[in-house]
Amino acid sequence: MIYPLDDARKEITSLLKKVLSQLEYDCKVKLEIPPGGLGDFAFPCFSLAPIAKKSPNDIAKDIAKKIEKGKWIEKVETNGAYVNFFIDNKNLKNSTIKSILINQKNYGYLAKKNKKVIVEHTSANPNGPLHVGRARNPIIGDTIVRIFKAAGYNVESQFYLDDMGKQVAILAWGVNNLELKDVPKPEYSKPDHQTVGFYQLASTLMGKDEKVSKQIGEIVKKSEEGEQKAIDLVHDAYAPVLKGINESLNHINIAVDKYVPESNFVRDKSVDFVVEKLKQSKYCGKEEGAFYLDMEPFGIQGRNTKFVFLRKDGTTLYATRDIAYHLWKAKHADLLVNVLGEDHKLESKQVEIALNLVGAKMIPRVIFYSFVSLPGGKMSTRRGRVVYIDDLIDECVKRAYDEVKKRRGKELSEKKMKEIAEKIGIGALRYNIIKVQPEKDIAFKWEEALNFEGNASPFIQYSHARACSILSKKQDEIKDVDATLLNHDSEIDLIKKLARFPIVIDDACEGCKPHSITNYLFEVASQFNQFYRDCPVLPEKNNKLRIGRLALVDSTRIVIQNGLDLLGIVAPEEM
RNA sequence: GGGCCUGUAGCCUAGUCUGGACAGGGCGAUAGCCUCCUAAGCUAUAGAUCGCGGGUUCGAAUCCCGCCAGGUCCGCCA
């Protein structure tokens with residue numbers, strides 16, 4: 001798949017390289033995008049000054065003089081130390097519009113790479129419903145999945161299921177030893193909400209009653225030893241929770257391809273292989289019967305730099321099993337991506353070091369996100385101090401419904417308004433979470449989460465709806481388009497934005513930066529709104545121009561729809 | 001005590017990896033725009049010691065060092 005703007009950039013790069021080698025300047029060609037009106041691409045010459053022993057301004061002039069005219073270059077100018085390239089707009093306009101209208105749903109998507117990526121995300125303890133503190137995980141993860149697919153990879157998403165830990169053992173004990181009437185009453189009928197009360201009460205009892213604590217310890221020990229009965233007991237306890245979590249994920253357009261239980265790696269003995277390999281490492285030590293790796297030589301600092309991977313009772317730990325999981329993943333993929341909370345940074349580093357020690361061929365690329373906190377502090381399932389994802393989803397949809405009703409209550413049916421509210425509410429939720437870089441802390445505030453104006457999903461969805469509205473009223477067929485007639489600044493700027501989409505996808509994938517997609521879409525929608533103001537489409541008398549504008553409207557619709565799809569957001573035809 | 005992450009207008013944020021043309025946006029504020037394709041929109045104005053202090057460089061929000069503040073981790077937990 002070759003896209004116009006990318007093609008133009010390649011041409012400029014290669015012509016530049018040619019000139020630089022003629023002048024015998026040895027440097028990398030890094031193109032910048034200049035500010036408004038100064039061209040489409042720019043090459044700064046500052047760094048050449050010491051090599052050429054000339055002022056950067058003169059170097060820029062020398063280079064500009066020697067650049068040949070190519071298929072894409074219309075004009076080369078200098079501005080101080082910059083060589084500015086102007087792309088042939090006629091060519092760019094026609095080929096961009098053509099590319100979009102031909103490719104439709106695939107516009108922006110990159111050529112197939114024949115490589116498989118496993119994206120691990122969410123992997124939450126199945127002891128209760130998902131809460132907002134970790135809401136970034138599935139949303140970032142799913143967006144990454146979609147971006148990698150668009151960038152040409154085969155992608156599988158995995159949820160690593162912790163079925164051996166203390167958290168699920170507490171839940172299992174609770175479900176099997178407590179009465180329904182004694183546990184806190186849930187607000188939702190979803191199975192995860194119905195079950196979490198048992199966990200909360202059991203957790204409290206464990207703190208007070210040593211007998212309870214001991215029984216829970218037994219469950220943990222037996223499942224870590226791989227005893228099937230214990231694993232089944234735990235499985236039956238968390239199954240409804242997982243079902244509920246999955247429902248929540250589906251509700252926000254997230255589908256997990258595979259749930260991978262931790263116990264798999266105990267049962268198939270692959271974790272024993274990891275233990276044996278690690279024991280052979282020269283960094284391995286033994287202390288009171290337990291085996292550890294010394295992490296200090298690897299730059300890990302702190303009070304305790306020992307990474308214990310085998311307890312004195314011979315059972316493995318979470319991180320040990322995680323190593324086995326990663327070895328297994330590496331066998332089935334060409335690239336691994338994990339989305340983890342920042343609290344997992346050390347564990348992840350330990351796993352990475354251990355993977356290198358056991359000779360793993362692949363180290364995962366990890367995206368860490370900071371927590372979403374409540375204004376008063378951290379969320380906690382155990383203490384019930386939480387805003388659940390389901391609360392947030394419901395509130396967003398409800399608020400969206402109020403907005404729709406306020407604006408369109410007189411013209412739309414109840415059913416239609418509900419449909420639109422669902423698309424907008426969930427879009428707003430996903431957008432608000434993804435638009436911020438993962439590593440920034442977020443303090444959760446309702447008024448921000450429920451923002452429906454400005455840089456938010458409804459703004460973009462609204463532009464899409466506007467485009468659809470125009471297209472639904474058109475009398476003409478969009479064919480024999482002459483995009484060169486689109487000469488208003490608003491039109492040219494819009495087309496240039498649309499032309500950048502494939503590059504945006506590539507960058508977002510390369511840098512694992514899902515938030516760059518939201519920024520781009522906001523710019524597209526904003527530019528479309530300016531076009532909408534400046535260039536009436538349907539009232540335009542000139543047939544050729546009207547059809548050209550219709551083609552541009554349709555092209556914008558396609559880019560917004562494809563872009564929102566990358567974010568797992570539905571593009572409504574009306575709102 | 002130590003490691004890692006974050007710090008950009010009243011609030012939120014892009015840009016930081018890969019140094020470059022006046023630090024882009026949004027919310028909120030103020031002032032305008034619906035006999036015209038959906039005003040969830042558009043235009044204009046005001047608002048920034050880029051946490052603080054040094055350094056490197058022709059050039060630093062961006063790189064280096066020190067400090068301050070917030071988050072997070074330093075379990076034979078997960």
Side-chain angles (χ1 to χ4, degrees), chain A residues 28 30 32 34-35 38 42 44-47 49-50 55-56 79-82 84 123 125 162 164-168 220 262 287-292 295 299-306 308-313 315-319 321-322 341-347 349 368 370-371 373 378 400 403-404 406-408 411 424 432 435-443 445 447-448 451-463 465-474 511 515-516 518-519 522-523 525-526 528-530 532-540 549 553 574-575:
Chain A
K28 277 185 191 163
K30 207 192 116 194
E32 294 177 11
L38 293 173
C45 301
F46 301 99
S47 59
S55 83
N79 186 310
Y82 291 90
N84 291 333
S123 303
N125 264 322
D162 170 28
M164 311 201 76
K166 201 171 202 169
Q167 312 306 320
V168 278
V220 175
E262 213 179 310
E287 194 174 67
E288 294 174 32
F291 287 85
Y292 66 87
M295 292 278 116
I300 304 280
Q301 282 150 335
R303 290 190 194 101
N304 181 5
T305 58
K306 285 176 185 152
V308 174
F309 61 89
L310 189 68
R311 293 194 185 94
K312 70 174 169 215
D313 67 2
T315 57
T316 56
L317 290 97
Y318 168 82
R321 288 167 241 139
D322 203 12
E342 61 174 338
D343 56 335
H344 272 65
K345 270 189 182 170
L346 178 62
E347 190 263 351
K349 188 80 193 157
F368 293 104
S370 299
F371 295 113
S373 61
K378 213 172 148 173
E403 294 289 326
V404 177
K406 193 169 86 192
R407 293 166 158 84
R408 309 285 306 277
E411 15 176 348
I424 294 172
N432 271 310
K435 78 173 175 182
V436 180
Q437 291 182 12
E439 52 273 17
K440 291 226 189 203
D441 321 326
I442 300 182
K445 294 182 197 118
E447 61 269 31
E448 276 169 28
N451 172 32
F452 282 48
E453 274 160 18
N455 189 0
S457 168
F459 175 92
I460 294 157
Q461 291 173 311
Y462 181 68
S463 301
R466 272 182 155 177
C468 289
S469 172
I470 293 172
L471 293 167
S472 73
K473 294 190 180 89
K474 73 174 162 53
H515 65 282
S516 61
T518 57
N519 287 326
F522 180 69
E523 287 171 15
S526 184
F528 178 73
N529 285 333
Q530 288 166 51
Y532 186 91
R533 174 201 62 201
D534 295 331
C535 306
V537 179
L538 299 174
E540 175 55 48
R549 285 183 176 164
V553 171
E574 62 174 319
M575 61 188 272

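The shown structure was predicted, so the numbers you read here are calculated from the model rather than taken from an experiment. Every heavy atom of this structure was used, including side-chain atoms; hydrogens, water molecules and symmetry mates were not. Letters go in sequence order (proteins before strands), and every chain restarts at 1.
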State the [atom1]-[atom2] distance between [X] and [Y], to the nearest 0.5 angstrom.
X	Y	atom1	atom2	answer
A:I442	A:Q437	CD1	CD	10.5 Å
A:E342	A:E439	CD	CD	10.0 Å
A:L538	A:K473	CG	NZ	7.5 Å
A:M164	A:E262	CE	CD	6.5 Å
A:F371	A:D343	CZ	CG	3.5 Å
A:T315	A:R321	OG1	CZ	7.5 Å

**Prompt:** Does B:rC34 adopt a syn or an anti glycosidic conformation, taking syn as a chi angle within 90° of 0?
**Reply:** syn

Hey, does [X] reach any base, or is it just sugar-phosphate, or nothing, if we go heavy atoms under 4.0 Å?
X	value
A:P34	base
A:N432	nothing
A:F291	nothing
A:H344	base
A:I424	base
A:E574	base
A:R549	nothing
A:Q461	nothing
A:L38	base
A:Q167	nothing
A:S370	nothing
A:V404	base
A:C468	nothing
A:S47	base

Considering only atom [atom1], compute the distance from [N] to [M] and round it to an integer number of Å.
N	M	atom1	answer
B:rC58	B:rG51	P	25 Å
B:rC17	B:rC5	P	14 Å
B:rA31	B:rA46	C1'	11 Å
B:rC4	B:rA39	C1'	47 Å
B:rU8	B:rG71	P	15 Å
B:rA60	B:rC52	C1'	16 Å
B:rC22	B:rC37	P	41 Å
B:rC11	B:rG54	P	25 Å

**Asked** Which letters describe nucleotides 42-47 of chain B, given B = protein heavy atom under 4.0 Å from base, S = only from sugar-phosphate, - = neither?
**Response** SS----

Among [options], the nucleotide that comes nearest once only the side chain of [X] is considered:
X	options	value
A:R321	B:rC37, B:rA78, B:rC58	B:rA78
A:L317	B:rA40, B:rC76, B:rC5	B:rC76
A:N304	B:rC77, B:rC74, B:rG3	B:rC74
A:V436	B:rA78, B:rC37, B:rA14	B:rA14
A:E448	B:rC76, B:rC12, B:rA21	B:rC12
A:D441	B:rA21, B:rG70, B:rG3	B:rG70

**Message:** If I compare all heavy atoms of A:F459 with all of A:S526, which pair ends up nearest, and what's the gap?
**Reply:** CE2-N, 3.7 Å

**Message:** To check you understand the geometry: which heavy-atom pair defines the closest contact between A:C45 and A:P56, and what is its length?
**Reply:** CB-O, 3.8 Å

Quick one: [X] [atom1] to [N] [atom2], roughly how many Å, whole number?
X	N	atom1	atom2	value
A:E32	B:rU16	CD	P	12 Å
A:K345	B:rG2	NZ	P	18 Å
A:K312	B:rG75	NZ	C1'	13 Å
A:I300	B:rU72	CD1	P	20 Å
A:D534	B:rC37	CG	P	15 Å
A:F452	B:rG28	CZ	P	14 Å
A:L346	B:rG3	CG	C1'	9 Å
A:E342	B:rA78	CD	P	21 Å

Considering only nitrogen or oxygen atoms on both sides, find all protein atoms under 3.5 Å from nucleotides 24-26 of chain B and state each distance.
residue : atom : partner : partner atom : Å
B:rG26  : O2'  : A:N455  : N            : 3.1

**Message:** A:E453: which residues meet the side-chain hydrogen bond (donor to acceptor under 3.5 Å, both in side chains) condition with it, sequence neighbours left out?
**Reply:**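 side-chain hydrogen bond (donor to acceptor under 3.5 Å, both in side chains) check on A:E453 returns nothing, list empty.
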
Any [X] side-chain heavy atom under 4.5 Å of [Y] side chain:
X	Y	value
A:E347	A:D322	yes
A:V404	A:M575	no
A:N529	A:S463	yes

For [N], the Watson-Crick or wobble partner whose two distances fall under 3.5 Å:
N	result
B:rG66	B:rC52
B:rU30	B:rA44
B:rC77	none

**Message:** Need to verify one output field. Residue with the more 5' nearest nucleotide on RNA chain B, A:F46 or A:P536?
**Reply:**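 It is A:F46 whose nearest nucleotide is closer to the 5' end.
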
**Prompt:** In terms of ring plane angle, is the pair A:F291 and A:F309 parallel, tilted or perpendicular, where the classes change at 30° and 60°?
**Reply:** tilted

Give a yes/no on whether any side-chain N or O of [X] is located under 4.0 angstrom from OP1 or OP2 of [N].
X	N	answer
A:R407	B:rA40	yes
A:R303	B:rG3	no
A:Q437	B:rA14	yes
A:K440	B:rG70	no

**Request:** Test the A:R466-A:F528 pair against the cation-pi criterion, namely NZ or CZ under 6.0 angstrom from the six-membered ring centroid and within 45° of the ring axis.
**Result:** no

